Amino acid sequence: MRHLIDPLYFSVKETEALLDVADDICENREKYAHKCDGKILATLFFEPSTRTRLSFESAMMRLGGKVLGFSSASSSSAAKGESVGDTVSVISYYADIIAMRHPKDGSAFRASQYTKIPIINAGDGGHHHPTQTLTDLMTIRRRHGRLDNLTVGFCGDLKYGRTVHSLVKALSRYKGNHFVFISPEELKVPGYIIEEYLKNSECTFEEVTDLSAAMPGLDILYMTRIQRERFEDIEEYERLKNSYILTPEHLVTAKKDMAVLHPLPRVNEITLAVDDDERAKYFEQAGNGVYVRMALILSLLGMTDFDTDKVEDHHDEVIELDHVCKNGRCITNAEDETMPIYVKGENGRIRCKFCDQYVD
């Protein structure tokens, strides 16, 4: 049984194969209309969502399957104190596959320890969002015809932006990519992303604060929302929320074939006037999410010629350690019976297997 918890759970070969299926679905939807007849997808969304939840539901329905689930923690037994493990243990008897979103980092990995059916991480706090990453990869590949030798700018909330973390990890496996991280000092990309995925890759990166100066060299501009819900200090959010606002003036110096992406929802970080520019691809990006999730559901249910070239977790050396995870948003600090697991990364540093927070 396979899960998708982290964007690197699939090899490059598997990822390309899945994107090929998504492209085929996009061009030949009728061929897939009854692939999941009799199958049920459970959407367990402990955190609000529009695009991700509805695109999963649309994906399963377009495959001929059915959907059950809930759209907020308050409408589930989590409101009564039920753990993630107990929830998915029960739902495993009701459905064939689960898509889960949860506000705590590492919650998807926790769920995978209990489920009897494939689980898809639809976003775990500020940690990962691998199905959005597959959507991003599909959009980039359809725009540029490749996933290597690209200059990709990430702008905005790079600290809490789970879509950024997942996409950087995925693109770091392709040769020649250059990442430009554009953010305030307070919202820089986490150190573990740079140390374990970029410094050991054939990619390069730079960290800057000026969006206008970075614009001319970019093939992709990935804008992000400053996420109020991730801030423990609301005053800090208020100070940073308007750090970057993309306008048509920024695009004057941009490449003609550049693509502006955004995982959505946006607040004011991209003005409405940008929507009319041919380089604005964020709505097309959202549409691609349905095809990607259709391909993913089929693959995890064993309904495609999905290669078994599984990538084993490269943080597999478990370290015995009596320690409380320093990440207040980690699932281990939210559920009393969820004990931390510590592993040694490729750089020799020890971190929480649930949320990737370093011990030191």
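The first residue in the sequence is number 1, and the count goes up from there. These numbers were taken from a predicted model, which means no experiment stands behind them.
Counting heavy atoms from C-beta on, the side chains of Ile98 and Ile119 come closer than 4.5 Å. At least one side-chain heavy atom of Arg110 sits under 4.5 Å from a side-chain heavy atom of Phe354. You'll find the side chain of Thr52 reaches within 4.5 Å of the side chain of Phe45, heavy atoms only. Between Tyr93 and Lys116, some side-chain heavy-atom pair lies under the 4.5 Å cut-off. Contact of the Arg29 side chain with the Tyr291 side chain is registered, since non-hydrogen atoms from C-beta on lie closer than 4.5 Å. Two residues are said to be in side-chain contact when any heavy atoms from C-beta on lie closer than 4.5 Å; Leu246 and His262 fail this criterion. Taking the side chain as every heavy atom from C-beta outward, Cys36 and Ile297 approach each other to under 4.5 Å. Here the side chains of His178 and Val180 are in contact, with some heavy-atom distance below 4.5 Å.
Proximity of a side-chain donor or acceptor of Arg2 to a complementary backbone N or O of Tyr9 within less than 3.5 Å is detected. Remark: side-chain polar atoms of Ser58 are not paired, donor with acceptor, to backbone N or O of Ser55 under 3.5 angstrom. No side-chain donor-acceptor contact under 3.5 Å links His128 to the backbone of Pro130. Of the possible donor and acceptor atoms, one in the side chain of Asn333 sits under 3.5 Å from a partner among the backbone N and O of Asn327. With His165 contributing its side chain and Leu158 its backbone, the two residues share a donor-acceptor pair below 3.5 Å. Side chain of Tyr197 to main chain of Leu171: no donor-acceptor pair is present (N/O by atom type, distance under 3.5 Å, no hydrogens or angles). The main-chain N or O of Cys155 is found under 3.5 Å from a side-chain atom of Thr224 such that the two form a donor-acceptor pair. Side-chain atoms of Asp105 do not come within 3.5 Å of backbone N or O of Cys330 as any donor-acceptor pair. Side-chain atoms of Glu269 do not come within 3.5 Å of backbone N or O of Met223 as any donor-acceptor pair. For the pair Arg101 (side chain) and Ala122 (backbone), a donor-acceptor distance under 3.5 Å is present.
Under a 4.0 Å N-O distance rule, the pair Lys255/Asp219 qualifies as a salt bridge. Salt-bridge annotation for Glu47 and Arg329: absent, with no side-chain N of the basic residue lying under 4.0 Å from a carboxylate O of the acidic one. For the pair Lys281 and Asp136, the salt-bridge criterion is not met [side-chain N within less than 4.0 Å of a carboxylate O]. The pair Arg143-Glu278 meets the salt-bridge criterion, since a charged nitrogen lies less than 4.0 angstrom from a carboxylate oxygen. With salt bridges taken as basic N to acidic carboxylate O contacts below 4.0 Å, none links Glu14 and Arg173. Salt bridge status for Arg349 with Glu196: absent, with no side-chain N to carboxylate O gap under 4.0 Å.
Both tests do not hold together for Lys188 against Phe181: distance to the six-membered ring centre under 6.0 Å, angle to the ring axis within 45°.
Separation of atoms CG (Leu19) and CG (Leu134) is listed at 6.5 Å; rounding is to 0.5 Å. In this structure, CD1 on Ile25 lies 9.5 Å from NZ on Lys35, to the nearest 0.5 angstrom. Rounding to the nearest 0.5 Å gives a distance of 14.0 Å between CZ of Arg51 and CZ of Phe56. How far CE of Met60 is from CD1 of Ile97: 7.0 Å, rounded to the nearest 0.5 Å. Annotation: the span from Arg293 atom CZ to Arg62 atom CZ amounts to 13.5 Å, rounded to 0.5 Å.
Side-chain polar atoms of Tyr114 and Asp86 form no donor-acceptor pair below 3.5 angstrom. Checked by atom type, the side-chain pair Thr271/Thr247 shows no donor-acceptor distance below 3.5 Å.
Taking the six-membered ring for Trp and thresholds of 30 and 60 degrees, His127 and Tyr192 have ring planes inclined between 30 and 60 degrees apart. Taking the six-membered ring where the residue is Trp, Tyr342 and His323 present perpendicular rings, their angle passing 60° and hence far from 30°.
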